[in-house]
Amino acid sequence: MPRRPLNSDAAPSAHDRRARGEDAKSVNSSAICATEDTPSSRPACAEGRGVVVQRPPRQGLLIDYEYCTGCHSCEVACKQEHDYPVGKGGINLCEILTEKPDKTYRIDYLPFTTMYCDLCHARTSEGRQPACVKHCQASTMYHGDVAKLAKIMEEKPHCALFTPR
Amino acid sequence: MQHYEEDGYQVHKMGLWSPGPGCHGGCGAEIYLRDGKVAKVEGDEDHPYHQGRLCPRALALRQYIHHPDRLRHPLKRAGERGSGKWERISWDEALDTCEQKMRDLRDRYGAECMVFGQGTGRDSGGPIIFLAYAYGSPNWTLFGLSGIACFTPRLAACTMVMGDMTFPDAAQFFPLRYEDPDWRCPELIVSWARNLQGSQCADHYFSGHFVIDMMKRGAKLLVVDPYNGWEASRAELWLRLRPGTDGALALGMIKVIIEEGLYDKQFVETWTFGFDKLKAEVAKQSLDEISQITWVPTDKIVKAARMYAAAKPAQMRFGQPLDSNAEAVASIHALACLWALTGNIDNPGGNVISRPVKGVTVYPYSTEEVVQLYGQEFVDKMNEKRIGADKYPLVKNFRSWAMSDDVLEQMETGKPYPIKGLWCQTNNFLAGTAQDPRRHYEAVHRLEFNVVVDTFMTPTAQAIADIVLPAGAITEKDSAFTTGIPLNPIYKVAETEEARMDWEINFELAKRLNPQAVPWPNVRALFDQRLAVAGHSFDSLVEAGYALAPKGDPTTPYHRHEKGLLRPDGQPGFRTPSGKFEFYCQKFEEYGLNPLPHHVEPLESEISTPDVHKEYPLILSTGRRVGVMFHSEHRMIPWLREINPDPPIEIHPETAQKYGIKHGDWVLIEGTMGKAKRKATVTPLTHPDIVCCQHGWWIPEATYTGDGNPYKVWDINVNQLIPMGKNSKSGFGGALTKTMLCKISKVKDGEEVTYA
């Protein structure tokens, strides 16, 4: 997605996330395409027929629901990106109420990735974040390689990892 | 780079505010155009306010802009008022009609006979005062809202007791934000009557999700709210108070902080006035008495006071429900006293004084700013006939709006002079703004000439307008966001048929009505002049993207009272008679108001009207915000209405069971003033003795047949249970949207509200 100035020759602006702190981010490695050669560094496959075709790492969405406030930006961002009509969306915000010992309620919001979530492949293949991740107002969403997301998960109190296809 | 091409789109960066997202502005967005039409909107990652994040209303912008029901041409009435019959006319005919009718009214009754009403504080405020003053009428107001009880009471109280307004410090005044070396993360954030979901994004100088940013950096929460909201569910301590008793609770916390010696002695000694009088005042009432009034247990009041006093720094957000207290300004004074007692004023991470960047004003909020734009002599002349200026010193001296309650009364009585016309711009008072909307309908219906300017055909336009003018949405207008941070440009990049920007409509009409008041060749030249104090022209602001004032400027924190940056005379201190924060407010004393913070019991309550309470045992809390809709907007936007489809009343399960109501039932709400119907949301999050309603509801998809009930407003508008004319003694505050009493029952079969 190269950005070309309309009426100035200024350099394209960097996506500067300096001020966002612990923010939503992509943790992708660069996209790796499978190749069938250079076998020496690869393990043999189970059938012993030779080298494994390396596939790109599985991608997922990590939701740090300790901080999801239920603002619905993810849902509408998804609809705008995919032009989904009413009744259809790639992400669906769920509200879970849990009664605490003192009879008050803990509220958890959890955006659930539906069968229509394609992890914004068109965006991520250009190095951009999925629409929901970028616009999440609480910066609670992370996109990237599942293994790397799992590492982030180890450090947070309440997370869910989704791996939509 | 503010303009670029990407994947076949033309992209322009600008600030968002007003029609489209609604809201009170602040964030930065990228508007993607294809073939000259708005195709999508993304957050601007280079903008310091939200760094790319965006609210659902902005993300649904294209459904708003291209909505088939948008007003696209001027209309004139083609039948009786309210008949639903309209005829398309040209802009020339529309403006000719407005000019001729308004000239005629001015000749016969004087310009003051025309009221210029706006809705909530958005960029149309600037063009509305511009037109009113060019025409010669002093009666610019937020039409319909009793006591102008949204933000203005908070502004008024803070301005009187300390000379300025504050917002919690989230480093929003600095381009580096949280990385700025001078900023400190608060140890404690007090969210007082400030539901995060309803105030989730841009709101003048703060955004709800800044709370989350700071929680991630270690800030803890103390929540004051009757409702078990998300923040309450994450709080270190939650005080579940009775609606309308905020002032009493704050006085209890003040009492603990003073009597336990927890206050910041250096700050109190150096920068405050009237400490002994405040101390004597809070000694009068015991904590147990305060606990009885507020429903908050004594030990929790003590714990909260200690927690707030011990946190260094601590900051406090305070929301609209405070404006609905019976004596709102006095309650807010009490909250401000807490900031001063703990030294949390203009300190890093505390409550920082918030002024428009470099003092730019396009939409003047205070009389001081109005004088800056129009001159003292003209403002003095306007005050001679401004409705409410003689009755309320704060109306005369602080905010140049006519007083809404008195405007309504004068429409009815014609005294001391008759009101004959209403210019109603971006105010849907029959569905949202006004309390006692039936009284408003009848008063306005009797006027000689009414104009409504809006983006959609609202119930208000349908019921009372003679002429309806189509306003441009956010991407169809030039403006500048000056009532918060940062200073953002808004500029026209697209068109929807004949819709015109508010500024252009009012500028053109003002020029016809009083050419001398409009010396500028066009709107952009006017903006160039008003932006000059910030070192910008309109074009340069557009290219800059946004503007913030540098450190050391009087409009940027910190510790400005120490540096002589707040007062016009350049001396250290605050902009008050004593030069200090006034626990004992000398301005209030001068204006005949109680100089000390105090609690006044709501008009109706278990304490003030026990007999009424027996028949109407529930407290009606309306005005509950929801992030996907802004006031009465967005009911027709499919992606947003899907999320919030029905006009709700939230009822606790125990209460619902008691009255035989199930989730999804239509409910009749009855009070001493009137009744309305709502659809039940049964939820344990609301208090068993409180029912919560959203405001601003109408059913845009309902066919209007001219039967006098446009879009079902008379079925579902809960403001029919709330009176006008009970505003606070100060004038500001007292719209009783949180404290009227009611009873509920399941509606009879066949009497449910349908959306057809």
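Naming convention: chains lettered A, B, ... in sequence-line order (proteins, then strands); numbering from 1 in each chain. What you see is a predicted model, and the numbers here were worked out from it, not measured in a lab.
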Mind checking whether R62(B) and D83(A) have side chains closer than 4.5 Å, heavy atoms only?
yes
With a 4.5 angstrom heavy-atom cut-off, which part of C132(A) approaches chain B: side chain, backbone, both or neither?
neither
Working to the nearest 0.5 angstrom, can you tell me the gap between S233(B) OG and L97(A) CG?
9.0 Å
So with a 6.0 Å cut-off around NZ of K303(B), is the heavy-atom count from everything else above 12?
no
Can you tell me which of P684(B), A60(B), A39(B) forms the most heavy-atom pairs within a distance under 4.5 Å of chain A?
P684(B)
If you count heavy-atom pairs under 4.5 Å between each of E99(A), K79(A), E75(A), H72(A) and chain B, which one has the most?
K79(A)
Non-hydrogen atoms of chain A under 4.5 Å away: do they reach the side chain of E42(B), the backbone, both or neither?
both
Given a strict heavy-atom distance threshold of 4.5 Å, which part of L61(B) is in contact with chain A: side chain, backbone, both, or neither?
neither
Quick check: do K134(A) and Q51(B) have side-chain heavy atoms less than 4.5 Å from each other?
no
Can you tell me which portion of L54(B) sits under 4.5 Å from chain A's heavy atoms? Options are side chain, backbone, both or neither.
both
Given side chains that start at C-beta, do those of Q129(A) and E45(B) come closer than 4.5 Å, heavy atoms only?
yes
Are H135(A) and P56(B) close enough that some pair of their side-chain heavy atoms sits under 4.5 Å apart?
no
Under a 4.5 Å heavy-atom cutoff, which of R234(B), R641(B), R240(B) has the most pairs with chain A?
R234(B)
Could you check whether any side-chain N or O of N228(B) sits under 3.5 Å from a backbone N or O of Y105(A), counting only pairs where one atom can act as donor and the other as acceptor?
yes
Nearest 0.5 angstrom please: S139(A) OG to D213(B) CG, how far?
6.0 Å
Between atom CD1 of I212(B) and atom CG of D64(A), what is the distance when rounded to the nearest 0.5 Å?
10.5 Å
Okay, V41(B) and chain A: the region with an atom under 4.5 Å from a heavy atom over there is both
Ignoring hydrogens, what is the shortest heavy-atom contact between K216(B) and T140(A)? Give both atom names and the distance.
NZ-N, 4.4 Å
Please report the C-alpha distance between V76(A) and V628(B) in whole Å, then the side-chain angles of each, then the deciding distance to 0.1 Å, and finally whether the side chain to side chain contact (heavy atoms under 4.5 Å, CB included) criterion is met.
CA-CA 10 Å; V76(A) 182; V628(B) 294; 5.6 Å; no
So for Y49(B), is it side chain, backbone, both, or neither that comes closer than 4.5 Å to the heavy atoms of chain A?
neither
Quick check: are there more than 12 heavy atoms from other residues, nucleotides or ligands sitting under 6.0 Å from NZ of K100(A)?
yes
Tell me whether W639(B) contacts the main-chain N or O of Y84(A) through its side chain, where contact means a donor paired with an acceptor under 3.5 Å.
yes
Which distance, rounded to the nearest 0.5 Å, do you find between the CH2 of W230(B) and the OG1 of T69(A)?
6.5 Å
Any side-chain heavy-atom pair from Q197(B) and Y109(A) closer than 4.5 angstrom?
yes
Tell me whether the count of non-hydrogen atoms from other residues, nucleotides or ligands lying under 6.0 Å of CG in D299(B) goes above 12.
yes
So do S73(A) and L59(B) actually touch side chain to side chain, heavy atoms under 4.5 Å?
yes
C136(A) side, atom SG; H209(B) side, atom NE2 - distance, nearest 0.5 Å:
7.0 Å
E642(B) (side chain) donor-acceptor with G87(A) (main chain) under 3.5 angstrom:
yes
Heavy atoms only: give me the nearest Q137(A)-C201(B) pair and the separation to one decimal.
OE1-CB, 3.2 Å
